[in-house]
Structures are given as structure tokens and as C-alpha cells.
Amino acid sequence: MSGAAGAGIRLVLLGAPGVGKGTQADMIAARLGLPHISTGELLRAAIREGSALGRRVKATVERGELVPDALIGEVIEERLSRKDAERGFVLDGFPRTVAQADLLDRFLAGRGQPLDRVILIEVPEPVIIERLAGRRSCGRCGATYHVSHNPPKVEGICDRCGAALQQRPDDAEAVIAERLRAYRDQTAPLVSRYRSAGRLVPIDGQGRPEEVLGRIAAAVPGLRA
Ligand code: AP5
């Protein structure tokens, strides 16, 4: 297992929609100098750009359903093959199905690099719904805010790039319900897989983002909160 501060480490952040995977992955990646790889953000960027991939996945993402394994497999293999991911990565939103976990295992076995930790962030459903309903995202750079827990300096404007903030189409109430269903049916089975493999670290995702990070840091070598 990777260990020393600054050494490469391969982490997966697992958990239901809205538990704070993206928020924590950003902080962890910045502290460890590793790329934060979010499959949701890769897909949303493709949708914003209107690329062939974006046009293919837009309706599926906006309905809150998972895009096909083969398609997301191509996206993630291309991303993990880039130079910046050689030392390690913080994966957010992948894997999400058993087939995706198999693909990740094969990819890492091919490199002789095991997964170090799978951080399972857990938050009760009413908190998830409150977080998603209050989330605002930048339509240009994808930065994430919350109207009360993490507001931008100027209401409705992204601190990072100055573009207008929006509500994600998949944060509509009916779509949140579909995303939670997809998590329960397709992603939750990964919890026992990673527990049996001795990789799973369950983390209470309630409290301020810095408090949650402190709990994660206690389980990840080289990570300081
Ligand atoms: P994706 O973007 O991965 O969405 P998700 O898993 O539903 O997760 P979210 O981004 O909604 O939440 P999060 O856990 O990152 O929470 P966040 O930090 O933003 O995927 C979107 C879609 O893409 C999927 O539905 C699917 O269609 C497709 N897709 C993606 N990956 C796929 C895959 N592998 N296979 C197939 N399809 C795929 O926090 C939420 C809010 O809470 C924010 O406002 C934040 O500011 C706030 N917050 C965070 N932490 C705290 C805290 N500690 N206290 C208070 N507020 C907090």
C-alpha cells in the first residue's frame, strides 16, 4: 500500500448522490497533488461543449440514470491513461456498477497498481435531499456551491470564473429520487465487494466539510486535513 506523504495513492470515493464526494475529492486531490477524476463532471463538461459524447449522454444524465458501462469505460480508460494519473488519482463517481469495478480492477492489474482505499461517505437521506436542493453549480467551470453551507461571495456568480451559477437539471426533485434508486440498485452492491477485499473505509459525511475531511485523513496515509 502507498504510504509516505506526497507518494502516489489510488483512492475511490463511493457514496450516494449528494453525500459530498465531489467536495471531499477536490480537497483531497489538492492536498495530495493528484488529479480529481469525476465521471459526472467529465460527462457534464462533454454536455456543455456539445461534443459527440455530450450529445449521446445528455438525456440519460438529465433523467438521473446511469450511462452504459461500455461508454463510461471508454471515458475512464482514456482519462486514467493520461500522464497526470500515473502517480495516483482520486476517483469520484466511478466505479458505479459491478461491471465498472471489474473494469477498474483489470485496468489497475495491467499496471501492477492496486487500489489503496475505497472511502464510503455515508449521510442520511433527508440530509442528502437538502444538500442537493441547495446545490448551485457553475455553468462554465463546474465549481460547486451550496446556497447556505457554501455560498459564493456574490450571490449567483462563480468565485472561480465569474460565470452564472445554475441548478443542475438532475437536482430536480423527481430526478434526485431516480438517482437514489440507481445508487441503491446498481452501486450499493459494491460496498460488500470492497469490504470483503479489505479496502473499504466507511466515513460519517455529516458535519462541516473540514470535519469530514479530518475523518478521511485519519484513514489515508499522507493526507493532512
Ligand atoms: P455525479 O456527478 O457523479 O453525481 P452523483 O454521484 O449523483 O453525486 P453528486 O455530484 O450529486 O454529489 P456529491 O456526492 O459529489 O456531492 P457534492 O460534493 O456535490 O453523476 C451525475 C450523473 O452522471 C449520474 O447520475 C449519471 O447519469 C452519470 N454518471 C456519472 N458517473 C457515472 C458512471 N460511473 N457510470 C454511469 N453513469 C455515470 O455535495 C452536494 C452539495 O452538498 C453541494 O452543494 C455541496 O456544497 C454540499 N456539501 C458537501 N459537503 C457538505 C457538508 N459536509 N456539509 C454541508 N454541505 C455539504
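Counting starts at 1 for both ligands and their atoms, following the listed order.
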What do you reckon, is CD of E155 surrounded by more than 12 foreign heavy atoms closer than 6.0 Å? no
Do any nitrogen or oxygen atoms of R44 lie less than 3.5 angstrom from nitrogen or oxygen atoms of ligand 1? yes
Output the list of atoms in ligand 1 that are nearer than 4.0 Å to some heavy atom of L132, sorted by atom number. 11 (O)
Are R55 and E49 side-chain neighbours, meaning at least one heavy-atom pair lies under 4.5 Å? no
for atom 8 (O) of ligand 1, nearest protein heavy atom and its distance come out as K21 NZ, 3.2 Å
Can you find a non-hydrogen atom of G18 under 4.0 Å from ligand 1? yes
Rounded to the nearest 0.5 Å, what separation is found between the CD1 atom of I47 and the CD atom of E41? 10.0 Å
Do Y145 and V212 land in one hydrophobic cluster if side-chain heavy atoms of ILVMFWY residues count as linked below 4.5 Å? no
Does ligand 1 have a heavy atom under 4.0 Å from the side chain of I121, from its backbone, from both, or from neither? neither
Pairwise side-chain contact, H146 with E130, heavy-atom cut-off 4.5 Å (strictly under): yes
Can an N or O of T39 be found at a distance shorter than 3.5 Å from an N or O of ligand 1? yes
Do any N/O atoms on E65 end up under 3.5 angstrom from N/O atoms on ligand 1? yes
Check R82 with E86, please: is the shortest side-chain N to carboxylate O separation under 4.0 Å? no
Taking the side chain as C-beta and beyond, is there a heavy-atom pair between V90 and V12 under 4.5 Å? no
Got the closest protein heavy atom to atom 20 (O) of ligand 1, with its distance? R96 NH2, 3.5 Å
One residue to check: R135. Relative to ligand 1, which of side chain, backbone, both or neither has a non-hydrogen atom less than 4.0 Å away? both
Please check whether I72 reaches ligand 1 - meaning an N/O of the residue sits under 3.5 Å from an N/O of the ligand, judged on distance alone. no
Nearest protein heavy atom to atom 46 (O) of ligand 1, by residue and atom, and its distance? H146 CB, 3.6 Å
With only distance considered, is V212 within less than 3.5 Å of ligand 1 through an N or O on each side? no
So, does L42 sit close enough to ligand 1 that a heavy atom of it is under 4.0 Å from the ligand? no
Is it the case that ligand 1 has an N or O less than 3.5 angstrom from some N or O of D171? no
Do me a favour and list the nearest non-hydrogen protein atom to atom 4 (O) of ligand 1 with residue, atom name and distance? R168 NH2, 3.5 Å
I'd like to check which ligand 1 atoms, numbered from 1 as shown, lie under 4.0 Å from a non-hydrogen atom of P17. 5 (P), 7 (O), 8 (O)
Do I9 and L32 touch side chain to side chain, with heavy atoms closer than 4.5 Å? yes
In terms of heavy-atom contacts, R160 and C141 come closest through CD-SG, 4.0 Å
Please verify whether a non-hydrogen atom of P95 lies at under 4.0 Å from ligand 1. no
Please state which option from L13, L43, L213, V19 has its nearest heavy atom closest to atom 28 (C) of ligand 1. L43
Can you tell me which portion of T144 lies within the under-4.0 Å heavy-atom range of ligand 1? Options are side chain, backbone, both, or neither. side chain
Between the side chains of D102 and R106, is the shortest nitrogen-to-carboxylate-oxygen separation below 4.0 Å, so that they form an ion pair? no
What atoms in ligand 1 come closer than 4.0 Å to a heavy atom of R208? 53 (N)
Check if P209 has a non-hydrogen atom at a distance under 4.0 Å from any atom of ligand 1. yes
Looking at ligand 1, does any of its N/O atoms fall within less than 3.5 Å of an N/O of G134? no
Atom CD of E173: over 12 foreign heavy atoms under 6.0 Å: no
Hydrophobic clustering (ILVMFWY, side-chain heavy atoms < 4.5 Å, transitive) - are L190 and L103 grouped together? yes
Is any side-chain heavy atom of E122 closer than 4.5 Å to a side-chain heavy atom of I203? no
Per-atom contacts of ligand 1 with Y145, taking only distances under 4.0 Å to non-hydrogen atoms: 43 (C), 44 (O), 46 (O)
Student check: side-chain heavy atoms of F94 and I76 closer than 4.5 Å: yes
Electrostatic pair D171-R179, nearest N-O below 4.0 angstrom: yes
Could an N or O of ligand 1 be found under 3.5 Å from any N or O of D92, whether backbone or side chain? no
Using the side-chain hydrogen bond (donor to acceptor under 3.5 Å, both in side chains) rule, collect all pairs that involve residues 13-33, keeping only residues at least two apart or in two chains. D26-H36
Which residue holds the protein heavy atom closest to atom 22 (C) of ligand 1, what is that atom called, and what is the gap in Å? V61 CG1, 4.0 Å
Identity and distance of the protein heavy atom lying nearest atom 18 (O) of ligand 1: T23 OG1, 2.6 Å
Candidates H149, R179, Q100, R131; heavy atom nearest atom 42 (O) of ligand 1 found on R131
Backbone or side-chain N or O of L66 under 3.5 Å from ligand 1 N or O: no
Any N/O pair F94/ligand 1 closer than 3.5 Å: no
A side-chain contact here means heavy atoms from C-beta on lying under 4.5 Å apart; do V154 and D159 qualify? no
In terms of residue, atom name and distance, what is the protein heavy atom nearest to atom 37 (N) of ligand 1? V67 N, 3.1 Å
Please name all residues satisfying salt bridge (charged side-chain N to carboxylate O under 4.0 Å, His left out) with R79, sequence neighbours left out, ordered by chain then number. D84
Under 4.0 Å, heavy-atom basis, I'd like to know which part of Y183 is in contact with ligand 1: side chain, backbone, both or neither. neither
Quick test: of every protein heavy atom, which one is nearest to atom 15 (O) of ligand 1, and how far off is it to 0.1 Å? G22 N, 2.8 Å
Would you kindly specify which portion of Q206 sits under 4.0 Å from ligand 1, judged on non-hydrogen atoms: side chain, backbone, both or neither? neither
In Å and rounded to the nearest 0.5 Å, what is the CZ to CG distance from R215 to D204? 4.5 Å
